[in-house]
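I have placed the structure first, in the form of structure tokens, so that the comments after it can refer back to it.
One-based numbering, in listed order, for ligands and for the atoms of each. Not measured: the values here are computed from a predicted model.
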Amino acid sequence: MRRARITSLATYVPPRLLTNADLEKLVDTTDEWILQRTGICQRHIVEKGVGTSDLAKEASLVAIERAGLTPDDIDVIIVGTTTPDTLFPSTACRLQTKIGAAKAWGFDLGAACSGFTYGVTTAAGLVSSGAASHVLVIGADVMSSIIDYTDRTTCVIFGDGAGAAVVGVSDDEAIGILDFENYVDGAFGEALQMPAGGSLMPASAETVEQRLHYVKQDGQAVFKFAIRNTEEACRRLLERNRLSASDVDLFVSHQANRRIIMSAAEKLGVAPEKVVINIERYGNTTAGTIPIALDEAVKDGRLKRGDLVLLASVGAGFTVGSILLRWGTKQ
Ligand code: COA
């Protein structure tokens, strides 16, 4: 088996900002409440007519270049997204044409906020087995397309953004993706969902009138599940690898709420200075948060070759994922 690693990373967020002050004009909320309860100050939002594949394209082309590759070298494209451009064709197919990855096959991966972790896990399997050499993994969402900007309990949380990684063969057995712990718990699915628009409740005048094409969530239930299961998945992963939280150099969790991340880190025993937080500037970009946070950590010089990195995600489903890796990219 070959060791897979993240060879390169890149991100893209649309330029337009939606600040807490902007939201104060839309719903009954305050900058103080949003900051205190979520840690968010602003989010990036697309202009009308911009889809997930457009954000993914910008991030992907840079990631491919940073890996020292051309689009022709990409074997597989995996797009983790909850907001595909269309139900079909897939965003992966649209992206394949936009970036000119002539030899790639690919698909969309529906795991909500675990889209990137599940994508990297899948890519690592393809690379390790020899089925692929270069897999482009994207976590991208245009959450503003499914957010109800009259609902203060959801509209303050989400933003738009994309991250892309090339997963390839490691040049060093000690560097790369070491292990993962993924699981789902479908019993709590209704706590975070978009009720209409699928086969169960196709779009109709009634579903639009009842605003069922927007994110609905039981915030408290999601909050508690996220803390408990971020900790649980990471703990299992560390124990299986005979590691402890103090061995972790950087903890990059899905950015859903500052309080969720810090509470999970504390329960796990990861020191606050090892936790990456950038939710204040992006909000929750769903599948985009982990690659965006990881890319920022690289740019900020917080990662050096050989560092032990723990990624963790909890998303609608519920989907839970965690990945342990030793850092080492071409960048
Ligand atoms: N501005 C002001 N007040 C708000 C508000 C807002 N944007 N949203 C909710 N409130 C109010 C509520 O109506 C409630 O008022 P009440 O006490 O008069 O009924 C009060 O604030 C507390 O609501 P509660 O839901 O208990 O707040 P909370 O501390 O749990 O924070 C969330 C709400 C949504 C921020 C939090 O539960 C959360 O982050 N949950 C996880 C959501 C998530 O991560 N989703 C994506 C997962 S990938």
Under 3.5 Å between any N/O of G219 and any N/O of ligand 1: does that happen in this structure? yes
Evaluate the 4.0 Å heavy atom contact test for atom 32 (C) of ligand 1: does a protein atom fall under the cut-off? no
Fit a plane to each ring of F188 and F225, take the angle between them on a 0 to 90° scale, and name the class: parallel (under 30°), tilted (30 to 60°) or perpendicular (over 60°). tilted
Give the contacting part of T286 toward ligand 1: side chain, backbone, both or neither, where contact means a heavy-atom distance below 4.0 Å. neither
Under 3.5 Å between any N/O of R152 and any N/O of ligand 1: does that happen in this structure? yes
Candidate pair L303 and L294, rule side chain to side chain contact (heavy atoms under 4.5 Å, CB included), full reasoning: CA-CA 9 Å; L303 270 177; L294 195 55; 4.0 Å; yes
For Q217, the atoms of ligand 1 under 4.0 Å from one of its heavy atoms are 34 (C), 42 (C), 43 (C), 45 (N), 46 (C)
Is the closest heavy atom of L23 to ligand 1 under 4.0 Å? no
Does a side chain donor of either D141 or T81 reach within less than 3.5 Å of an acceptor in the other side chain? yes
Just jot down the ligand 1 atoms closer than 4.0 angstrom to any heavy atom of R37, in number order. 29 (O)
When distances are taken from atom 22 (C) of ligand 1, the protein heavy atom at minimum range is W33 CZ2, 4.5 Å
Going by the order shown, which atoms of ligand 1 are within less than 4.0 Å of some heavy atom of V156? 7 (N)
Any side-chain donor-acceptor pair under 3.5 Å between T150 and D148? yes
Check this for me - ligand 1, N284, N or O atoms closer than 3.5 angstrom, yes or no? no
Could you name the option among A256, A287, S114 that has the heavy atom nearest to atom 44 (O) of ligand 1? A256
Protein heavy atom under 4.0 angstrom of atom 14 (C) of ligand 1, is there one? no
Given the protein's heavy atoms, is any one of them under 4.0 Å from atom 20 (C) of ligand 1? no
Would you mind listing which atoms of ligand 1 come within a distance below 4.0 Å of any non-hydrogen atom of V314? 48 (S)
N/O of R259 under 3.5 Å from N/O of ligand 1, yes or no? yes
Could you tell me if any non-hydrogen atom of I34 lies under 4.0 Å from any atom of ligand 1? no
Is Q220 close to ligand 1, meaning an N/O of one under 3.5 Å from an N/O of the other? yes
Contact check: T38 vs ligand 1, nitrogen or oxygen atoms, below 3.5 angstrom: no
S145 and T83 side chains, donor-acceptor separation under 3.5 Å: no
Protein contact for atom 24 (P) of ligand 1 (heavy atom, distance under 4.0 Å): yes
Of the backbone atoms (N, CA, C, O) and the side-chain heavy atoms from C-beta on, which set of I157 has a member under 4.0 Å from an atom of ligand 1: side chain, backbone, both, or neither? side chain
Do any N or O atoms from the side chain of R66 and from the backbone of L9 form a donor-acceptor pair under 3.5 angstrom? yes
For H254, the ligand 1 atoms whose distance to one of its heavy atoms is below 4.0 Å: 48 (S)
Value rounded to 0.5 Å, distance of OH in Y118 from CD1 in I323: 10.0 Å
